[in-house]
Asks: 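I'd like to ask some things about the structure below.
A note on names: the letters A, B, ... follow the listed sequences, proteins ahead of strands, and every chain is numbered from 1. Values in this document were obtained by computation on a predicted structure and should not be read as measured data.
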Amino acid sequence: MQNEVEKPKKKGTVRLFRKEYRTNEVLVGILFILPTVAFLIFTFIMPVIDVIELSFTNFSMSAGTMKNIGLENYRYLLELKEFSNLAEFWDALQENDFWASMGRTALYSLLKLTLDTGLALFFAVMLDKNVPLKRFLRSTFFAPVVVPMVASSLIWMWFYDPNVGPLNQILAFLGLPQSKWLYHESTALLSILLFSLWKGVGYNIILFLSGLQNISDSYVEAAKLDGASEWQLFWKIKFPLLRPITSFVIMMGIINSFKVFAEFNVMTPDGGPLGSTKLIVSYIYEQAFTRGRMGRASAASLLLFMVIFVLTQIQSMVNAKKTIDVE
Amino acid sequence: MKGKKIKNTTNLDRHYVAFAFLMICAVIMLFPFVWMILSSFKTTMDVYQYPPRWIPSVWNGDNYAKVFEMIPFLRYYWNSILTTVVMTALQIGISILAAYSLVHLRWPGQAVMAAIMRSSMFVPMVVTMIPMYLLVSSLGLVDTYAGIILPQITTAFTTFLLMSYFASIPQDMIDAAKLDGCGPFRIMTRVVIPNTKGAIATASMFSFLGNWKSYTWPLIITNDKMYRTLPIGLRYLQQESSMEYQVMMAAAVMTILPVLIVFVFFEKQLVRSITLTGMKS
């Protein structure tokens with residue numbers, strides 16, 4: 001450093017922004033980053049600027065309109081009809097398609113996050129025990145993760161068929177009441193949730209399992225010597241040590257379940273019975289590509305982005321606080 | 001360490017209750033695959049028979065033949081393979097160059113570049129898809145491979161993954177190469193890439209799997225049947241086959257089985273790539 005200050009210009013170096021760089025590193029470095037810059041401009045920077053602009057217009061593919069309408073789209077999406085008590089407020093939320101879709105997404109995310117994380121943790125703890133055929137068992141939980149989504153949802157659509165589906169046939173055989181699964185507004189969302197748990201739980205099992213296996217034996221042995229039960233061992237030692245992974249799983253869970261689309265679009269292409277499986281991305285897709293209302297859909301997608309952003313910020317703040325507490 | 005290993009392999013402290021429970025769950029997890037394979041041979045009669053028939057009455061490949069009659073299945077397969085391979089190759093190639101440039105070279109503005117890349121990871125496709133659709137259609141790239149591939153090239157995640165490995169290469173090694181007269185390009189091809197093959201393979205695997213299951217963008221950007229990828233083709237098969245479940249199962253077998261076979265061979269690497277992304281957080 002000192003040397004460079006004394007001799008401001010060495011051979012093959014260049015001074016930029018008051019710092020010394022090697023000329024060939026600067027040239028090659030910028031050359032190598034150019035493809036990344038090009039794709040960032042076309043797939044990130046330009047679209048983000050465009051989507052913000054579009055959200056203030058009434059741009060419609062079908063009507064061919066393109067006019068600046070200010071905050072009209074946001075007002076349309078967010079405005080509720082008048083209400084004076086809680087019941088009316090609830091009705092107002094249900095009547096607004098955007099809020100209703102957001103609400104269903106929040107419900108789905110909450111259920112999926114809780115069940116998926118809970119089950120994954122439970123199975124990971126089980127698999128971490130000294131059981132025979134461990135590798136085979138782990139693979140069976142993981143297999144649905146790698147198989148293609150659309151192909152596996154075809155299997156489950158047959159499972160859910162009210163007449164010839166094996167689920168109802170098994171229920172009938174056991175003398176239990178049957179369900180309409182995907183074809184009734186009260187069960188459609190839960191049916192897709194069940195499928196997505198089967199499909200996805202293995203991913204988090206792998207994450208938790210690797211975390212459990214990284215826990216040093218000395219902690220476990222020490223706790224055992226102190227007479228800790230299995231239950232205490234888990235909640236007092238293992239679970240706190242898994243915190244970074246739990247936090248990652250929850251963060252990814254929030255992001256992924258708020259932008260879920262494929263399984264809903266395949267299993268219930270029209271938003272399900274009485275729109276009961278129309279989640280927020282399905283709403284945006286419908287507005288943009290079925291109705292051609294690009295402006296309104298852009299505004300909705302930005303609102304969705306804000307929700308995801310706020311949730312992940314809250315999550316990381318809570319996590320940072322807890323980590324300090326542990327220390 | 002050794003004592004622990006011996007202890008683990010004794011049968012005495014094995015958890016048989018946990019094992020029994022896990023086996024039941026494993027059967028449930030695998031049941032859909034078994035059902036799929038058996039049912040792909042069923043006749044329409046078998047499907048509608050009551051009490052239900054689990055094993056097909058005759059084993060023939062009619063349903064498989066029917067898939068090829070109803071949709072250009074091989075073409076969809078080809079479209080999926082082509083787009084996935086090209087996307088993965090582009091993503092990894094661009095990421096290697098960028099990671100090398102950011103880790104081993106010094107130029108002004110690196111921190112800003114990394115910050116922009118990091119923020120791009122926070123914006124989901126659903127936000128950018130509308131302007132991107134308008135852009136791609138104004139360029140006349142709807143129903144083309146370029147239209148499917150280019151907008152899906154995101155490299156931030158794989159670049160950061162590779163950067164953490166590139167940074168672990170000892171500086172001595174790079175200095176030695178410099179003394180031998182290697183320029184930045186040769187240091188990358190002779191020192192950095194050969195020493196991080198495993199990491200590049202992991203990143204490629206991660207990228208490949210993400211691209212293979214891609215759904216929303218190909219759905220938006222293809223109208224022409226011939227440019228549909230496998231997931232989109234299957235979705236339309238399902239909607240057009242008027243609930244001929246046994247035919248859908250034949251299509252599902254042909255889509256899922258190759259993946260399961262690859263899975264059996266690459267499970268270790270796959271698990272590794274997933275745990276790594278968990279650790280990276």
Side-chain angles (χ1 to χ4, degrees), chain A residues 16-17 21 24-26 28-30 32-33 35-36 39-40 43-44 47-48 50-51 54 126 129-132 137 139-141 143-144 146-151 154-155 158 164 166 169 203 206-207 210 217 244-245 248 259 261-262 266 269 281 284 288-289 294 297-298 301-302 304-305 309, chain B residues 4 8 13-15 18-19 21-22 26 29-30 32 35-36 47-48 52 94 97-98 100-101 105-108 113 116-117 120 122-124 126-128 130-132 151 153-155 183-185 213 215-216 220 231 234-235 238-239 245 248 252 255-256 259-260 263 267 271 274-275 278 281:
Chain A
L16 295 162
F17 304 103
Y21 296 95
N24 67 338
E25 284 196 15
V26 172
V28 176
I30 289 175
F32 281 6
I33 207 76
T36 304
F39 275 102
L40 274 178
T43 65
F44 172 59
V48 166
D50 282 354
V51 79
L54 277 172
M126 286 289 193
K129 290 181 193 297
N130 181 15
V131 292
L137 287 168
S139 306
T140 58
F141 285 103
V146 295
V147 303
M149 165 71 71
V150 180
L154 296 184
I155 310 175
W158 186 351
V164 295
Q169 290 173 341
Y203 193 92
I206 298 288
L207 286 175
S210 78
D217 285 340
I245 293 180
F248 176 74
K259 57 180 204 193
F261 178 66
V266 174
V281 177
I284 294 168
F289 299 105
M294 301 285 187
S298 298
S301 74
L302 283 169
L304 169 64
F305 170 68
F309 186 76
Chain B
K4 169 88 180 162
N8 257 344
D13 59 37
R14 283 198 159 168
H15 292 72
F19 175 65
F21 174 76
L22 285 171
M29 293 305 279
L30 291 181
W35 177 266
M36 165 188 79
V47 171
Y48 288 93
I94 292 170
L97 291 176
Y100 176 71
S101 172
L105 303 176
R106 272 186 71 241
W107 43 272
M113 191 64 218
I116 296 173
M117 285 170 70
S120 78
F122 283 98
V123 179
V126 57
V127 176
T128 52
I130 294 166
M132 218 122 78
I153 304 292
T154 51
T155 54
F185 186 76
K213 69 175 187 207
Y215 180 82
T216 314
I220 294 170
L234 287 184
R235 173 200 194 251
Q238 177 260 316
Q239 284 175 18
Y245 289 117
M248 277 154 58
T255 315
I256 288 177
V259 180
L260 279 183
F263 168 63
E267 195 196 351
V271 167
I274 289 178
T275 48
S281 64

Asks: Apply side-chain contact (heavy atoms from CB on, under 4.5 Å) to B/Leu30 and list each qualifying residue two or more places apart in sequence or on a separate chain.
Replies: A/Phe136, A/Thr140, B/Phe33
Asks: Which heavy-atom pair separates B/His15 from A/Val131 by the least distance, and what is that distance?
Replies: O-CG1, 3.6 Å
Asks: Side-chain contact test, heavy atoms from C-beta onward, threshold under 4.5 Å: evaluate it for B/Thr154 versus A/Phe44 and give yes or no.
Replies: no
Asks: Select, from B/Ile153, B/Val126, B/Val259, the one with the greatest count of heavy-atom pairs under 4.5 Å involving chain A.
Replies: B/Ile153
Asks: Could you look at B/Phe263 and say if it's the side chain, the backbone, both or neither that has a heavy atom under 4.5 Å from chain A?
Replies: side chain
Asks: Which one of B/Met36, B/Met132, B/Glu267, B/Met248 has the most heavy-atom pairs closer than 4.5 Å to chain A?
Replies: B/Glu267
Asks: Find the one option among B/Thr216, B/Thr255, B/Ile116, B/Leu105 whose heavy-atom pairs under 4.5 Å with chain A are most numerous.
Replies: B/Leu105
Asks: Minimum heavy-atom separation for A/Pro47 to B/Pro131, with atom names?
Replies: O-CG, 3.2 Å
Asks: With chain A, which of B/Leu234, B/Thr155, B/Val127 has the greatest number of heavy-atom pairs at distances under 4.5 Å?
Replies: B/Val127
Asks: Select one option (side chain, backbone, both, neither) describing which atoms of A/Ala288 are under 4.5 Å from chain B's heavy atoms.
Replies: side chain
Asks: For A/Pro132 versus A/Leu137, what's the shortest heavy-atom pair and its separation?
Replies: O-CD1, 3.7 Å
Asks: Could you tell me which residues satisfy side-chain contact (heavy atoms from CB on, under 4.5 Å) with B/Pro108, sequence neighbours excluded, listed by chain and number?
Replies: A/Leu16, A/Phe17, A/Tyr21, A/Val26
Asks: Which bit of A/Ile155 comes within less than 4.5 Å of chain B, counting heavy atoms only: side chain, backbone, both or neither?
Replies: both
Asks: So, B/Tyr215 side chain and A/Val150 main chain: donor-acceptor pair closer than 3.5 Å or not?
Replies: no
Asks: Return the option, out of A/Ser298, A/Pro269, A/Ser139, with the maximum number of heavy-atom pairs under 4.5 Å with chain B.
Replies: A/Ser139
Asks: Does any backbone or side-chain atom of B/Ser120 lie under 4.5 Å from a heavy atom of chain A? Answer side chain, backbone, both or neither.
Replies: both
Asks: Sort A/Met126 into side chain, backbone, both or neither according to what part of it lies under 4.5 angstrom from a heavy atom of chain B.
Replies: both
Asks: With the side chain counted from C-beta on, respond yes when B/Val123 and B/Thr128 share a heavy-atom pair under 4.5 Å apart, and no when they do not.
Replies: yes
Asks: By a 4.5 Å heavy-atom criterion (distance strictly below it), what part of B/Pro151 contacts chain A: side chain, backbone, both, or neither?
Replies: backbone
Asks: Determine the option with the most heavy-atom pairs under 4.5 angstrom with chain B, choosing from A/Thr36, A/Asp50, A/Ile30.
Replies: A/Thr36
Asks: Go through the atoms of A/Phe289 and report whether side chain, backbone, both or neither lie under 4.5 Å from a heavy atom of chain B.
Replies: side chain
Asks: Does atom NZ of B/Lys213 have more than 12 heavy-atom neighbours from other groups under 6.0 Å away?
Replies: no
Asks: Mind ranking A/Gly29, A/Ala143, A/Ala297, A/Ser301 by heavy-atom pairs under 4.5 Å with chain B and telling me who comes out on top?
Replies: A/Gly29
Asks: Taking A/Lys259, A/Met294, A/Met149 one by one, which has the highest count of heavy-atom pairs under 4.5 Å against chain B?
Replies: A/Met294
Asks: Using heavy-atom distances under 4.5 Å, tell me whether B/Leu260 contacts chain A through its side chain, its backbone, both, or neither.
Replies: side chain
Asks: So B/Tyr100 and A/Phe32, would you call those rings parallel, tilted or perpendicular, with 30° and 60° as cut-offs?
Replies: tilted
Asks: Does any backbone or side-chain atom of A/Leu54 lie under 4.5 Å from a heavy atom of chain B? Answer side chain, backbone, both or neither.
Replies: side chain
Asks: I'd like to know if the side chain of B/Trp107 and the backbone of B/Ser101 have a donor-acceptor N/O pair within less than 3.5 Å.
Replies: yes
